[in-house]
Amino acid sequence: MATDADLETLPGVGPATADKLTDAGFDSFQSLAVASPSELSNTADVGESTAADIVSAARDAADVGGFETGSTVLERRNKIGKLSWHIDEVDDLLGGGIETQSITEVYGEFGAGKSQVTHQMAVNVQLPKEVGGLHGSCIFVDSEDTFRPERIDDMVRGLPDEAIEAALEDREIEGSADDEAAIEELVDAVLEKIHVAKAFNSNHQMLLAEKAKELASEHEDSDYPVRLLCVDSLTAHFRAEYVGRGELAGRQQKLNKHLHDIDKVGNLYNCAVIVTNQVASNPDSFFGDPTQPIGGNILGHKSTFRMYLRKSKGTKRIVRLVDAPNLADGEAVMRVEDEGLVPE
Ligand SMILES: Nc1ncnc2c1ncn2[C@@H]1O[C@H](COP(=O)(O)OP(=O)(O)O)[C@@H](O)[C@H]1O
Ligand SMILES: [Mg+2]
């Protein structure tokens with residue numbers, strides 16, 4: 001990332017403009033290189049022609065990434081892992097599970113079970129591959145203060161016996177699935193591999209995405225490399241902080257930058273990314289379809305898998321896959337129980 005001082009090497013950019021650019025999320029040559037001059041001119045209060053000069057200089061300075069060979073792309077794609085839900089109907093819908101190197105957006109109304117999904121996946125990702133896991137650790141960015149270690153405890157205990165047995169063996173814990181001491185040790189070991197940070201506001205959340213990248217890098221060659229990044233909720237702070245219609249463009253820009261950072265973690269470190277997004281259950285908005293997740297187009301482009309969760313009777317939940325590339329749209333049924341997410 002470029003610093004303010006670096007940005008000042010661009011034509012027409014002094015300290016004040018550099019600050020404005022940074023505040024608007026243009027904090028690197030890369031982000032400027034792909035911006036449009038009119039967008040810049042509006043956000044940084046510079047004339048259109050200066051803005052055009054800035055973009056052009058940023059393009060020269062930026063490492064916008066070159067071309068890579070088909071075999072390099074193939075090599076990376078060959079590493080894509082699938083993380084199982086341990087719910088056949090949902091896994092079938094997803095062609096095996098959620099994928100690494102992509103963002104999965106889980107959206108739905110309050111209480112639909114979005115946070116339950118992130119907790120369950122923080123457990124499942126740690127399982128050995130032969131039982132649907134990725135033998136990896138999890139980074140959990142918690143913006144609504146909903147992460148609960150007790151829930152992880154429930155979910156570890158709720159795993160199918162064969163998954164528990166495999167996890168115990170994998171971690172060299174003596175005992176079996178009905179052995180309390182062994183299970184307690186397993187729960188501790190699982191909690192040890194979930195790195196949780198609370199995000200206090202949207203700026204802090206964006207900073208945490210950068211931290212996530214550092215953490216993933218540190219753990220890359222470890223026993224449990226980071227294989228899952230959860231951001232629960234992706235949008236709550238942004239929604240609360242940018243309320244007026246006039247602020248929508250700014251909000252989208254920041255969300256876009258945030259998603260870009262998150263996406264990078266997934267791609268660079270081969271991890272799955274789950275972001276949650278709440279939609280209104282009560283249509284109280286005049287603008288657009290209230291059941292559509294916020295972030296509109298921007299999330300639409302970035303989240304390669306979108307899953308709409310909705311409440312049904314009691315503990316029953318309907319999971320719908322929406323607009324996924326190469327997969328048919330469809331629905332699956334599951335339940336949110338004490339022991340976690342389970343098949344219908
Ligand atoms: N300990 C638990 N035992 C059983 N069900 C639970 C438990 N905790 C949460 N739930 C279920 O999950 C629902 C809340 O899901 P949550 O993931 O927090 O929703 P969202 O994040 O979509 O707002 C609750 O309504 C309840 O049905
Ligand atoms: Mg939640």
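Numbering of ligands and ligand atoms starts at 1, following listing order. The figures here come from the full heavy-atom set of this structure, side chains too, leaving out hydrogens, waters and symmetry mates. Numbers here simply count residues along the sequence, with the first being 1.
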Flag side-chain contact, heavy atom, 4.5 Å: Met334 against Leu309
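With C-beta onward as the side chain, the pair touches.
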Of all the atoms in ligand 1, which lie at a distance below 4.0 Å from a heavy atom belonging to [X]?
X      : result
Lys114 : 17 (O), 19 (O), 20 (P), 21 (O), 22 (O), 23 (O)
Glu337 : 4 (C)
Phe110 : 23 (O)

Any nitrogen or oxygen of Asp338 lying under 3.5 Å from a nitrogen or oxygen in ligand 1? Just yes or no.
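Yes - when backbone and side-chain N and O of Asp338 are compared with those of ligand 1, one distance drops under 3.5 Å.
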Which one of Gly314, Gly340, Gly113, Gly158 has a non-hydrogen atom at the shortest distance from atom 16 (P) of ligand 1?
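Shortest heavy-atom distance from atom 16 (P) of ligand 1: Gly113.
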Taking Thr69 for the side chain and Thr72 for the main chain, is one N or O donor matched with an acceptor at less than 3.5 Å?
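Flag set: sc Thr69 to bb Thr72 pair under 3.5 Å.
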Hey, does the side chain of Thr22 reach the backbone of Ala18 with a donor-acceptor pair shorter than 3.5 angstrom?
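Yes: the side chain of Thr22 pairs with the backbone of Ala18.
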For [atom], what is the closest protein heavy atom, and at what distance to 0.1 Å?
atom                    : result
atom 23 (O) of ligand 1 : Gly111 N, 2.7 Å
atom 6 (C) of ligand 1  : Arg151 NH2, 3.8 Å
atom 9 (C) of ligand 1  : Gln116 NE2, 3.2 Å
atom 11 (C) of ligand 1 : Val336 CG1, 3.6 Å

Relative to ligand 1, is Arg148 under 4.0 angstrom through side chain, backbone, both or neither, heavy atoms considered?
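Neither; nothing of Arg148 gets under 4.0 Å from ligand 1.
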Residue-level breakdown please: for Glu109 versus ligand 1, do any non-hydrogen atoms fall below 4.0 Å on the side chain, on the backbone, on both, or on neither?
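Contact part for Glu109 vs ligand 1: backbone (N, CA, C, O).
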For the CD atom of Gln126 and the CG atom of Leu228, what is their distance to the nearest 0.5 Å?
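One finds 9.5 Å between CD of Gln126 and CG of Leu228.
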Any non-hydrogen atom of Arg317 lying under 4.0 Å from ligand 1?
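A heavy atom of Arg317 does come that close to ligand 1.
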Looking at ligand 1, is there an atom of it that comes within less than 4.0 Å of some heavy atom belonging to Gly108?
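In this structure, Gly108 fails to qualify as a contact of ligand 1 - no heavy atom is under 4.0 Å.
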Determine, for Asp329 against Arg320, whether the closest basic-nitrogen to carboxylate-oxygen distance falls under 4.0 angstrom.
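No.
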Closest approach of Val265 and Ala216, non-hydrogen atoms and distance?
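Closest heavy-atom pair between Val265 and Ala216: CG1-CB, 4.3 Å.
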For the student: nearest non-hydrogen atoms of Leu10 and Ala58, plus distance:
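What the structure gives for the nearest pair is CD2-N, 3.7 Å.
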Under 2.8 Å from the Mg ion (ligand 2), can any N, O or S atom of Ser115 be found?
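Under 2.8 Å: Ser115 contacts the Mg ion (ligand 2) through an N, O or S atom.
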Aromatic contact, Tyr224 with His135 (centres under 6.0 Å)
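Ring centroids of Tyr224 and His135 are less than 6.0 Å from each other.
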How about His119 and Phe147: are their ring centres within less than 6.0 Å of each other?
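When the ring centroids of His119 and Phe147 are compared, they turn out to be within the sub-6.0 Å range.
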